[in-house]
Amino acid sequence: AVVNHYRLARLESEGSGDASKPVLHRCIVKDAITGTEHTIYAKTLVNATGPFSDSVREMLDADHKPLVRPSHGTHITLPAKYAPKDRAMLIPSSDGRVLFCISY
């Protein structure tokens, strides 16, 4: 099933993950338009939320250590001769920032 305008309101898991007690995830989702909540059960949960993945992990474990450090920056387009298509560069700076040069 595919839905739009739904937001994960709560996430709960039970079970140990071994063969006798498989993990079962209970996802409570809320329709952002009507406010109606629905419960979805899943054996597998994929957290594909990008920069928001730590907030989803926090729903299962309030003591988790953050894994994602969001960043922002500027995209600059340069002539292809500066970035060959079969290479990418990662250039650290002295102030802790990182410059990525990736051709497309």
Side-chain angles (χ1 to χ4, degrees):
V2 176
V3 295
N4 285 319
H5 305 286
Y6 275 73
R7 169 174 244 129
L8 181 62
R10 291 185 309 283
L11 178 61
E12 303 161 356
S13 291
E14 56 188 51
S16 62
D18 62 26
S20 65
K21 286 192 152 202
V23 173
L24 181 65
H25 302 285
R26 183 174 30 255
C27 306
I28 295 85
V29 296
K30 185 174 185 177
D31 185 323
I33 296 172
T34 67
T36 306
E37 286 191 351
H38 302 277
T39 302
I40 301 169
Y41 294 92
K43 291 180 183 177
T44 303
L45 179 68
V46 176
N47 183 0
T49 55
F52 308 104
S53 61
D54 281 329
S55 62
V56 173
R57 291 180 66 237
E58 190 175 279
M59 291 181 182
L60 289 175
D61 178 11
D63 297 325
H64 86 283
K65 293 181 181 178
L67 295 176
V68 177
R69 186 173 143 194
S71 64
H72 63 278
T74 303
H75 294 87
I76 301 171
T77 304
L78 298 172
K81 68 180 182 180
Y82 294 108
K85 292 209 179 283
D86 62 342
R87 297 206 169 63
M89 293 184 284
L90 181 137
I91 307 165
S93 67
S94 60
D95 62 1
R97 295 180 295 166
V98 179
L99 169 69
F100 295 96
C101 183
I102 304 168
S103 60
Y104 63 94

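As a basis for the values below, the full set of heavy atoms in this structure was taken, side chains included, without hydrogen atoms, waters or symmetry mates.
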Checklist line | With sequence neighbours excluded, residues passing side chain to side chain donor-acceptor pair (under 3.5 Å) with T49 | finding: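 T49 satisfies side chain to side chain donor-acceptor pair (under 3.5 Å) with N47 only.
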
Notebook entry, point to check: Once you round to the nearest 0.5 Å, how far does NZ of K30 lie from CZ of R10?
Noted result: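 Spacing of NZ (K30) from CZ (R10) equals 9.5 Å.
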
Next item on the list: Mind checking the CG-CZ spacing from L24 to R26? Nearest 0.5 Å is all I need.
Entry: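 One gets 7.0 Å once the value is rounded to the nearest 0.5 Å.
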
By the rule that ILVMFWY residues connect when side-chain heavy atoms come within less than 4.5 angstrom, directly or transitively, which residues belong alongside [X]?
{"X": "V46", "result": "none"}
{"X": "I33", "result": "none"}
{"X": "V2", "result": "none"}

Next item on the list: Apply salt bridge (charged side-chain N to carboxylate O under 4.0 Å, His left out) to R97 and list each qualifying residue two or more places apart in sequence or on a separate chain.
Entry: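 For R97, the residues satisfying salt bridge (charged side-chain N to carboxylate O under 4.0 Å, His left out) (neighbours in sequence not counted) are D95.
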
Notebook entry, point to check: Taking only residues two or more places apart in sequence, or in another chain, which ones meet E58 in a salt bridge (charged side-chain N to carboxylate O under 4.0 Å, His left out)?
Noted result: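 If we apply the salt bridge (charged side-chain N to carboxylate O under 4.0 Å, His left out) test to E58, skipping adjacent residues, there are no hits.
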
Next item on the list: Carefully, step by step, assess I91 and V98 under the rule side chain to side chain contact (heavy atoms under 4.5 Å, CB included).
Entry: CA-CA 6 Å; I91 307 165; V98 179; over 6 Å; no

Checklist line | Shortest non-hydrogen contact between G15 and V23, atoms and distance | finding: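 For G15 and V23, the tightest heavy-atom pair comes out as O-CG2, 3.9 Å.
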
Next item on the list: Determine the minimum heavy-atom distance between S53 and V68, stating which atoms define it.
Entry: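 Heavy atoms of S53 and V68 come nearest at OG-CG2, 3.2 Å.
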
Report the residues that fulfil side chain to side chain contact (heavy atoms under 4.5 Å, CB included) with [X], sequence neighbours left out, ordered by chain and then residue number.
{"X": "L8", "answer": "L11, C27, V29, V56, M59"}
{"X": "D61", "answer": "D63, H64"}
{"X": "K21", "answer": "S16, D18"}

Check: residues 34-45 side-chain donor-acceptor pairs under 3.5 Å, at least two apart:
unit_1: T34; atom_1: OG1; unit_2: D31; atom_2: OD2; d: 3.4
unit_1: T34; atom_1: OG1; unit_2: T36; atom_2: N; d: 3.2
unit_1: T34; atom_1: OG1; unit_2: T36; atom_2: OG1; d: 3.0
unit_1: H38; atom_1: NE2; unit_2: Y6; atom_2: OH; d: 3.4

